[in-house]
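Here is the naming used below: chain letters follow the sequence lines, and residue numbers restart at 1 for every chain.
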Amino acid sequence: MDHYVYNILISAYAKEEMVGEVMHIFTKMRQQGLNPDAVSYGTVIDLLSRIGRMDDAMSLFNQMITEGLAPGIIVFNHLISGFCTCGKWEKVHELFSEMLDCGICPDTVFFNTVMDRLCKNGRVTEAQDLFDLMVHMGVKPDVCTYNTLMGGYLFVGKMDEVSKLLDNMVSIGMEPDVITYNILIDGYSKNGRIDDALVVFREMLDTKGKPSVISFNIMIGALLKCGRKAEAKDLFDGIWANGLVPDIVTYSLMIQKLIEEGSLQESDDLFVSMEKNGCAANSRMLNAIVRSLLQKGEVPRAGTYLSKIDERSFILEASTASLLTALASRGKGQEYKELLPEKYSELLIEA
DNA sequence: GTAGGGTTAG
């Protein structure tokens, strides 16, 4: 086995966030007399940064330098991304200086990464400053850059800036992509402009190339949220005609709505047809279903879905568990005990 | 021949 094979393995496990496996392979390659190369290090550092283990990521960074490997822009970007996500901005500045000292210039991905984290924290003004800086430095913004910045302006409701950026991007010959439209649809909806969102969505259907299932999910979710269920249902039914299939988010949205309005048989049927269509429920979805059912007081039905969480060895999320505990504190613990899987009876013991 | 950034559920 050579580096290539090990790196493919590491990256496959890293994608699934299987940290134990990744570290095992990383150690094993060394035992086989093959020292990890810059790509091996880069992949592991990316994984550790993504899951917030910045101390471990930094150890590996220092270790690779000790071993005479020079970290490139990609490794710096992974670390910077991790520190941005956990809000350690002083570390971001530190690494940025270190990067410059090493003679490495920030690239488009660097700017996009930092701008995105700023935007998600509502700091769009600083993101705009970085945008101006990157242009000044001659680093070319790409579609991602524009999408990120538009998302930032949408997040804080600065709609006129969004239109300006859209015009600007078109005027320099840059084509908005599916994600641009998805960001616009989502942003318009969340700013109470759902009919503008619908206009963009319909343009996508008619002229501007294909929506993705995510476009449908965003539009369906927005319509359901403001009580326009019939239109949402029409979109749901139209997914297949666009050569797409609903995914777990689509089904989650529709099923949750059915539970909310009390159409429990229909929601069960949709769940069954979802899994028959090869879309398996995940932990997040099952937890959400259980919570909705408990909130509607549908305890036996909640029990059915709780069993599925068990069977599949998923985790009962804290918010789900606390709803069960709330049943007990309302004095209903004893009454519901027989209706729920045995495993959960301790949550129903009255305090 | 391998590693990075932007969109949807809460």
Side-chain angles (χ1 to χ4, degrees), chain A residues 1-12 14-15 22 36-47 49-50 64 69 71-82 84-85 106-120 127 130 134 139 141-152 154-155 169 176-187 189-190 197 200-201 204 211-225 246-257 281-289 291-292 295 317-320:
Chain A
M1 297 230 269
D2 59 1
H3 282 110
Y4 177 74
V5 179
Y6 277 107
N7 290 345
I8 297 277
L9 270 173
I10 291 175
S11 123
K15 197 169 286 171
V22 167
D37 62 8
V39 175
S40 333
Y41 271 106
T43 311
V44 182
I45 289 174
D46 172 37
L47 171 62
S49 304
R50 262 184 0 233
M64 79 182 282
L69 293 168
I73 181 72
I74 295 183
V75 168
F76 274 102
N77 285 346
H78 286 144
L79 288 167
I80 285 169
S81 163
C84 284
T85 305
D107 63 358
T108 306
V109 176
F110 168 87
F111 283 106
N112 292 353
T113 303
V114 181
M115 285 171 62
D116 181 57
R117 298 323 308 180
L118 288 169
C119 287
K120 294 217 158 68
L130 278 182
M134 79 187 280
V139 181
D142 62 8
V143 191
C144 266
T145 319
Y146 278 92
N147 290 349
T148 300
L149 200 51
M150 280 193 282
L154 285 161
F155 185 68
M169 110 185 242
D177 64 8
V178 189
I179 298 183
T180 315
Y181 293 120
N182 290 350
I183 290 170
L184 288 173
I185 294 169
D186 187 49
S189 304
K190 289 186 172 145
V200 176
F201 184 77
M204 260 179 119
S212 65
V213 68
I214 296 179
S215 323
F216 275 93
N217 292 346
I218 295 169
M219 203 63 251
I220 288 171
L223 287 166
L224 289 177
K225 191 168 261 177
D247 68 6
I248 192 154
V249 176
T250 330
Y251 284 110
S252 287
L253 290 165
M254 299 302 292
I255 287 174
Q256 294 264 82
K257 187 63 179 185
N282 61 15
S283 175
R284 180 175 171 175
M285 179 187 201
L286 286 171
N287 272 277
I289 290 177
R291 285 193 299 267
S292 307
Q295 273 157 353
E317 294 176 358
S319 52
T320 316

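Closest non-hydrogen pair, A/Leu47 versus A/Ala14, comes out as CD1-O, 3.7 Å.
Rounded to whole Å, atom P of B/dT2 lies 12 Å from atom CG of A/Asp37. Atom CE in A/Met254 sits about 20 Å away from atom P in B/dT8, given to the nearest Å. Look at OH on A/Tyr146: it is 19 Å from C1' on B/dT7, rounded to the nearest Å. To the nearest angstrom, C1' of B/dT2 lies 17 Å from OH of A/Tyr41. For the pair A/Asp247 CG and B/dT7 P, the computed distance is 16 Å after rounding to whole Å. One atom, CD of A/Gln256, and another, P of B/dG10, lie 7 Å apart when rounded to the nearest Å. In this structure, CZ of A/Arg117 is placed 14 Å from C1' of B/dT7, rounded to the nearest angstrom. Here the C1' atom of nucleotide B/dA9 and the CG atom of A/Asp186 are 11 Å apart, to the nearest Å.
Taking only side-chain atoms of A/Val75, from C-beta outward, the nucleotide of B/dA3, B/dG1, B/dT7 with the closest atom is B/dA3. Side-chain proximity of A/Arg291 to B/dA3, B/dG10, B/dA9: nearest is B/dG10. Nearest to the side-chain atoms of A/Val249 among the listed nucleotides B/dA3, B/dT8, B/dG1 stands B/dT8. Distance from the side chain of A/Asn282 is smallest for B/dA9 among the nucleotides B/dG10, B/dT7, B/dA9. Listed nucleotides: B/dT2, B/dA3, B/dA9. Nearest to the side chain of A/Ile248: B/dA9. Checking B/dT2, B/dT7, B/dA9 against every side-chain atom of A/Lys190, the shortest atom distance belongs to B/dA9. Set against B/dT8, B/dG10, B/dA3, the side chain of A/Asn217 has B/dT8 as its closest nucleotide. With B/dT7, B/dA3, B/dA9 as the candidates, the nucleotide lying closest to the side chain of A/Arg284 is B/dA9. Residue A/Ser319 has its side chain nearest to B/dG10 when only B/dG1, B/dG10, B/dT7 are considered. Here the side chain of A/Ser252 is nearest to one of B/dA3, B/dT2, B/dA9, namely B/dA9.
For A/Phe201 and A/Phe216, the ring centers are positioned less than 6.0 Å apart.
Residue contacts shown for A/Val5 are absent, as no nucleic acid heavy atom lies under 4.0 Å away. Here A/Ser212 lies out of heavy-atom contact (under 4.0 Å) with every strand. Within 4.0 Å (heavy atoms only), A/Glu317 reaches at least one base atom of the nucleic acid. Within 4.0 Å (heavy atoms only), A/Lys257 reaches no atom of the nucleic acid at all. When heavy atoms are screened at a 4.0 angstrom cut-off, A/Leu253 is found touching the sugar-phosphate backbone but no base atom. Contact annotation for A/Ile214: base contact, defined as any heavy-atom pair under 4.0 Å involving a base atom. As judged by a 4.0 angstrom heavy-atom cut-off over every strand, A/Ile179 is placed among the base-contacting residues. If you check every strand for non-hydrogen atoms under 4.0 Å, A/Ser40 touches nothing. When heavy atoms are screened at a 4.0 angstrom cut-off, A/Ala14 is found touching no nucleic acid atom at all. Using a 4.0 Å heavy-atom criterion, one finds that A/Asp142 contacts the bases of the nucleic acid, with or without backbone contacts as well.
A/Lys15 meets the salt bridge (Lys or Arg N to Asp or Glu O under 4.0 Å) test with no other residue; sequence neighbours excluded. Qualifying salt bridge (Lys or Arg N to Asp or Glu O under 4.0 Å) partners for A/Asp247, counting only residues two or more places apart in sequence or in other chains: none.
Looking only at atom types and distance, the side chain of A/Asp37 has a donor-acceptor partner in the side chain of A/Ser40 under 3.5 Å away. Donor-acceptor pairing under 3.5 Å is recorded for the side chains of A/Thr145 and A/Asp142.
Between A/Thr43 atom OG1 and A/Ile74 atom CD1 the span is 9.5 Å, to the nearest 0.5 Å.
Proximity of A/Lys120 to the phosphate of B/dT7: a side-chain N or O atom is located under 4.0 Å from OP1 or OP2.
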